[in-house]
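Below you'll find the structure, written out as structure tokens, and then a few comments.
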Amino acid sequence: MGLSVESLFTEAPEPLPEEPKPVEMSFHHCHRDPLPQPGLTPERMQAQRQLCTACAVCCVFMAGEVVGGYLAHSLAIMTDAAHLLADVGSMMGSLFSLWLSTRPATRTMTFGWHRSETLGALASVVSLWMVTGILLYLAFIRLLHSDYHIEGGAMLLTASIAVCANLLMAFVLHQAGPPHSHGSRGAEYAPLEEGSGEPLPLGNTSVRAAFVHVLGDLLQSLGVLIASILIYFKPQYKAADPISTFLFSICALGSTAPTLRDVLRVLMEGTPRSVSFEPVRDTLLSVPGVRAIHELHLWSLTFTHYVASAHLAIDSTADPEAVLAEATSRLHSRFGFSSCTLQVEQYQPEMAQCLRCQEPPQA
């Protein structure tokens with residue numbers, strides 16, 4: 001066959017080792033949560049459906065109000081239509097931020113794009129403030145000059161339709177949470193009991209901001225409806241049109257205060273409203289083997305995504321891996337932190353006098 005002697009005794013080459021494939025590790029590794037799936041979560045898919053439905057309703061009735069307000073020569077109706085325009089813009093911005101938040105983390109955006117949702121809520125609030133400021137100025141001009149005429153019948157019909165439209169949008173955007181989740185204010189959560197191991201089922205920031213926005217519009221629509229009834233039966237009281245615009249625009253501005261406060265708290269890296277510094281500190285100190293903690297930082301990427309980091313000073317006899325696992329488990333189960341970064345180090349007596357190891361003062 002022509003085979004050489006060397007070829008008969010040459011061993012077959014060993015196969016190259018296969019490249020290790022990344023796999024999702026179990027919870028005892030270092031991650032308390034399973035690997036997040038790509039795309040929108042079920043909660044955010046529901047938020048997307050709510051916003052799309054509300055946006056479609058808003059566009060239809062906004063066009064009707066523009067026509068009705070023009071025919072009735074009513075500034076109050078046009079004010080309501082402008083607020084609906086602000087609603088459309090804010091909801092479209094929220095939908096964009098929901099899509100953007102699904103993008104994975106990168107080496108530049110290491111936390112991902114979660115905070116785009118909070119920025120969308122801020123844009124919603126700012127847009128309402130800007131539109132309301134312009135309409136308040138126009139209402140003030142009408143109070144100074146009475147050279148205008150109001151068609152009471154057209155105003156009454158349009159105002160009635162506007163109330164129905166805002167009720168429909170509020171129904172679509174309403175979120176009913178479980179007992180331990182947020183209520184109407186949306187950002188007050190109760191900590192879970194130890195050992196439950198389930199994440200907090202929280203609502204969506206953009207839907208909450210849009211819901212508050214629509215509530216403000218509903219208040220204004222009710223005021224416009226009352227003014228239209230008065231003008232329909234008593235045309236000489238046409239000043240009710242700019243007065244209602246003035247009063248209920250202020251109410252709409254006030255309704256955005258809680259959302260604006262919470263958004264600014266997130267953007268300023270403040271401690272989450274439902275989590276206090278002292279309970280987290282005491283929970284970490286209660287872990288067996290922990291002597292002291294320092295560099296404790298608590299913040300949130302959104303209203304639903306809490307983050308914590310700390311240094312744990314442990315006894316020389318303590319097992320660092322066991323301390324790390326127990327501390328992470330307690331933070332996750334008791335407070336719902338989505339990400340915990342804990343550094344374990346040996347306790348040193350001089351830590352008690354170190355200025356950087358002291359707790360921050362009260363605000």
Side-chain angles (χ1 to χ4, degrees), residues 17-37 41 104-105 107 110-112 114 178 180-181 189-202 269-362:
E18 296 183 357
E19 291 290 336
K21 297 181 179 179
V23 296
E24 181 182 349
M25 303 297 291
S26 57
F27 288 164
H28 70 270
H29 170 50
C30 62
H31 307 291
R32 291 290 302 172
D33 294 327
L35 187 66
Q37 299 300 319
T41 62
R107 296 183 182 182
T110 55
F111 275 113
H114 298 284
H180 63 269
S181 131
Y189 319 121
L192 298 177
E193 296 296 330
E194 182 179 5
S196 63
E198 294 293 333
L200 293 173
L202 306 176
E269 305 285 354
T271 301
R273 291 186 60 204
S274 61
V275 179
S276 298
F277 184 90
E278 290 80 8
V280 176
R281 176 201 61 195
D282 296 341
T283 297
L284 292 175
L285 288 175
S286 66
V287 176
V290 175
R291 291 283 302 275
I293 65 169
H294 57 274
E295 297 289 344
L296 176 58
H297 299 286
L298 312 173
W299 72 100
S300 54
L301 296 179
T302 68
F303 295 161
T304 65
H305 195 110
Y306 298 167
V307 185
S309 67
H311 291 196
L312 306 181
I314 63 174
D315 292 322
S316 58
T317 59
D319 181 7
E321 293 292 336
V323 170
L324 178 62
E326 179 64 19
T328 304
S329 175
R330 294 190 182 190
L331 290 181
H332 177 82
S333 61
R334 292 186 179 183
F335 304 101
F337 283 103
S338 301
S339 177
C340 302
T341 304
L342 303 177
Q343 176 176 315
V344 181
E345 56 196 25
Q346 293 293 328
Y347 176 77
Q348 303 294 335
E350 55 267 22
M351 289 181 177
Q353 286 75 36
C354 178
L355 294 179
R356 296 189 62 181
C357 294
Q358 306 304 312
E359 293 184 1
Q362 292 284 348

Exercise for review: Under the side-chain contact (heavy atoms from CB on, under 4.5 Å) rule, what do F335 and S274 come out as? Steps first, then yes or no, please.
Suggested key: CA-CA 9 Å; F335 304 101; S274 61; over 6 Å; no
Practice item. Looking only at non-hydrogen atoms, find the nearest pair between L301 and F111 and report the distance. Key: CD1-CD2, 3.5 Å
**Study point:** E359: partners by side chain to side chain donor-acceptor pair (under 3.5 Å), with sequence neighbours left out
**Key:** R281
**Study point:** Nearest heavy atoms of T110 and A105, plus distance in Å
**Key:** O-CB, 3.5 Å
Point to revise | Main-chain N/O of L324 paired to T328 side chain as donor or acceptor, under 3.5 Å | key: yes
Would you give me the side-chain donor-acceptor pairs under 3.5 Å for residues 285-292, sequence neighbours excluded?
residue: S286; atom: OG; partner: D282; partner atom: O; Å: 3.4
residue: S286; atom: OG; partner: T283; partner atom: O; Å: 2.6
residue: S286; atom: OG; partner: R330; partner atom: NH1; Å: 2.8
residue: R291; atom: NH1; partner: D315; partner atom: OD1; Å: 3.1

**Study point:** Q358 (side chain) donor-acceptor with A352 (main chain) under 3.5 angstrom
**Key:** yes
Check your understanding: What pair of heavy atoms forms the shortest contact from A310 to L296, and how long is it?
Key -> CB-CD1, 3.7 Å
Revision key, fill the gap. Nearest heavy-atom approach of F277 to P360 is CZ-CD, 3.8 Å
Study note, to complete from the structure: Value for CG (L331) from CG (L284), rounded to nearest 0.5 Å, stands at 4.5 Å
Check your understanding: Between OG of S338 and NE2 of H305, what distance do you get to the nearest 0.5 Å?
Key -> 4.5 Å
Review point. When rounded to the nearest 0.5 angstrom, what is the spacing between NE2 in H311 and SG in C357?
Key: 9.0 Å
Point to revise | For E269 against W299, the heavy-atom pair lying closest together | key: OE1-CD1, 2.9 Å
Would you list the atom pairs, donor with acceptor, under 3.5 Å between side chains in residues 341-350 and any protein atom, with sequence neighbours excluded?
residue: Q343; atom: NE2; partner: E345; partner atom: OE1; Å: 3.0
residue: E345; atom: OE2; partner: H294; partner atom: NE2; Å: 3.0
residue: Q346; atom: OE1; partner: S316; partner atom: N; Å: 3.4

Check your understanding: Considering only heavy atoms from C-beta outward, does the side chain of L298 approach that of P272 to under 4.5 Å?
Key -> yes
